[in-house]
2 protein chains.
Amino acid sequence: MSPRRPSSNHAPSQVDVARIAGVSTQTVSRVMSGQDNVKEATKQRVLAAVEQLGYRVHAAAASLASGRTHILGLIILATDRFSSGALTVGIERVAEEKGYTVTTATVPDHAPRETVLAAFDRLEGQGAEGIILGVPTDFDSPEMRLRTQRTPSTLPTKSRTSSGDGIIIDQRHVARLAVEHLLELGHKTVWHVAGDEYWEEAIVRREEWEAVLRERGIEAPPVIPADWTPESGYRAGRTLALIPGATAVFVASDEMAFGVIRALHEAGRVVPDDVSVVSVDDIALAAYASPALTTVRQPFEEVGAAAAHRVIATIEGTDAEAAIRPVHSELIVRASTAPPAR
Amino acid sequence: MSPRRPSSNHAPSQVDVARIAGVSTQTVSRVMSGQDNVKEATKQRVLAAVEQLGYRVHAAAASLASGRTHILGLIILATDRFSSGALTVGIERVAEEKGYTVTTATVPDHAPRETVLAAFDRLEGQGAEGIILGVPTDFDSPEMRLRTQRTPSTLPTKSRTSSGDGIIIDQRHVARLAVEHLLELGHKTVWHVAGDEYWEEAIVRREEWEAVLRERGIEAPPVIPADWTPESGYRAGRTLALIPGATAVFVASDEMAFGVIRALHEAGRVVPDDVSVVSVDDIALAAYASPALTTVRQPFEEVGAAAAHRVIATIEGTDAEAAIRPVHSELIVRASTAPPAR
DNA sequence: TTGTAGGCGTTATCAG
DNA sequence: CTGATAACGCCTACAA
């Protein structure tokens, strides 16, 4: 039997349901929001009416009345970059679990600060109760401060500079894992192809790479700059291929590593025999690179989940700290690293 | 000067603005929605008050009153798959241009029909005025019909079976481009590593691959099934490596092609000398595979944009057909294909 | 356990 | 060009 509308042609409302069920609208409201102080029989009558009419609560009306929207805002990169997709999946999962909905605003890479602020405002305007900032942002700028003060916000990655409001992946640890692996294999030094320094992660990884070398009394060779794209990795690889003594590189992302390896290959340097390459992310294709990539896995999906938990906790006044699960990076050794040829 | 709130601590409303500007709320409403029937001087006073208070229209209230939400729903795969990210970017771009906001619901791959329907309902409940279905769906099932009838919806890919409501990439053309390329290179036949047949695209590509061969009087070899993942591609590649006569494969996606090539490599078959590989998508890494992938580029971002244009046109009663720009696939020849060795 | 009253902030409609 | 008034559909608070 197909559901039938009351008479007019617009969506059924609480009033319609109440009339059919022979109760007040208030009772309908109680049933819909799952309150338990409704007699079972009444509840069933209401539910029957709901079913019959195909009634659904009107989100806008509900949120106007209650002051709650249950909307989470997500500001993310307008690219198909692996990390963005995985992050989103984690956020979305938790949001749904917790009864939230997520609205996304994308911003181009290297967007000026105003673009991010504008995205933030747009999301707030849409009613977002909390916002997850998936792009580099100066969390401590006055403009941002102003906003994060009125709307709970979180950064998926821990920032070097800012007040500890970022979370989750310790990028120092990531870099250390990678560089130490190479050193333990017996390489005398490690070169570094860095990510775009517009991103905090890139800076931290570079700093830690230097720090690890310094600890062992090794002077860091010059950084080879790049920008996360495979193209930039390729260019970096060509540079690297020119340096005879280079036997080991720490590349700041898998996607760049693909480019680096290709350039090395073309220059006749074999990976890992001549040069060992370790990178970061462990994207799905990492295991299918030639050779398979040794890489530090970043659990983006968990990071997204943790970020979502965190904002939701803040929104709801639950203990935010308790809601955070630390997330672990892990070195995955595959075929792109080996001891240096003697 | 920092904006100051009226007195209480909740967000300023139209009333506050009206009072300060010395006009009625109606006039504020008119200014905010950009109607032109307001005297310039009045408008400026209103704008000044808006600025001073930091007023923004309350989306929920506006949509309750107007009946419009300007929300677009997007149902998409809960993975970091390349295509999903790119699609989203295109949708988001157009949505923003047109003053819409996008709310996403993710569903796992291979989700049963009910999951997709539930996502649809959730989005509708959130007020989505139009929905873009980025996952395989039986667009013609009664349950879906029921929904698409009340909420404009669109499929980014043209379906074999359904009523022409799908759009944009002609998968037959994609397959034809790939297979003919191989044939023109001189290969006697072409093998096929198929995508997950849960997806329309996979089926269409396989069908067309067969059709192209048949046209030339070639009997199609057995399909090698896979599921879009690089892992499945790897397995398919091992199978392929066992077949001595196989000199050319059409792989249904780049991500699988990475797996195929690795397996071939490990089996001692050189690409493209022994086996030519052509795939589909042209993901960012395709150019950095070893060897660089010959592939049929799919402009996902444009597809997303076209899909968004389409739903919005439907929502607004504009001519939907006019709003669609056809989108072109293109063969990108790189290093993974070559004439067969004689 | 259930109902009544009032208001959430905006836009539509109709007057002026 | 501008304003008064009535919805929009629901929820909170309070009362029964």
Side-chain angles (χ1 to χ4, degrees), chain A residues 5-6 8-47 49-50 53-71 99 124-127 129, chain B residues 5-47 49-50 53-71 99 101 124-127 129:
Chain A
R5 297 291 160 62
S8 69
N9 57 354
H10 64 273
S13 80
Q14 230 176 42
V15 183
D16 301 314
V17 177
R19 185 163 352 108
I20 296 204
V23 298
S24 73
T25 61
Q26 191 42 232
T27 298
V28 177
S29 171
R30 283 194 263 259
V31 172
M32 293 312 285
S33 60
Q35 292 177 48
D36 51 343
N37 51 348
V38 178
K39 206 203 297 177
E40 187 58 26
T42 327
K43 184 170 162 186
Q44 292 310 329
R45 256 185 305 138
V46 172
L47 258 16
V50 166
L53 295 172
Y55 168 76
R56 276 184 315 207
V57 328
H58 185 116
S63 79
L64 177 57
S66 69
R68 299 286 324 268
T69 60
H70 292 274
I71 292 176
E124 272 185 327
Q126 253 300 310
E129 298 185 299
Chain B
R5 297 287 160 62
S7 63
S8 68
N9 57 356
H10 63 270
S13 78
Q14 229 176 44
V15 181
D16 301 314
V17 177
R19 185 164 353 112
I20 296 204
V23 298
S24 72
T25 62
Q26 191 43 233
T27 299
V28 177
S29 172
R30 284 194 263 257
V31 171
M32 294 310 287
S33 59
Q35 292 176 47
D36 52 344
N37 51 348
V38 178
K39 206 205 297 177
E40 186 58 25
T42 324
K43 183 171 162 187
Q44 291 310 328
R45 259 186 302 136
V46 171
L47 258 17
V50 165
L53 295 172
Y55 167 76
R56 277 184 315 207
V57 328
H58 185 117
S63 80
L64 177 56
S66 70
R68 298 289 320 267
T69 60
H70 292 277
I71 292 177
T101 230
E124 270 186 328
Q126 252 301 309
E129 300 184 301

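This one's a predicted model, so the numbers in the text were calculated from it and none came from an experiment. Letters A, B, ... are given to chains in the order of the sequence lines, protein chains preceding strands, and every chain is numbered from 1.
Note that the first and last nucleotides of DNA chain D, 5' to 3', having any atom under 4.0 angstrom from a heavy atom of chain B are D/dC1 to D/dG9.
A/Q126 contributes no side-chain N or O that, together with a main-chain N or O of B/A59, makes up a donor-acceptor pair within less than 3.5 Å. A donor-acceptor pair under 3.5 Å links the side-chain atoms of A/T69 to the main chain of A/G127, judged by distance alone.
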> What one-letter contact string describes nucleotides 6-16 of chain C from 5' to 3', where B marks a base within less than 4.0 Å of any protein heavy atom, S marks contact via sugar-phosphate atoms alone, and - marks no contact?
Replying inline: -BBBBBBB---
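B/I71 CD1 to A/I71 CD1: the interatomic distance, rounded to the nearest 0.5 Å, is 6.0 Å. Note that the OG1 atom of B/T25 and the CZ atom of B/R30 stand 9.0 Å from one another [nearest 0.5 Å]. For the atom pair B/R45 CZ and B/L47 CG, the distance stands at 11.5 Å (nearest 0.5 Å).
With a 4.5 Å cut-off on side-chain heavy atoms, B/S29 and B/Q14 count as touching.
Looking only at atom types and distance, the side chain of A/Q26 has no donor-acceptor partner in the side chain of A/S24 under 3.5 Å away.
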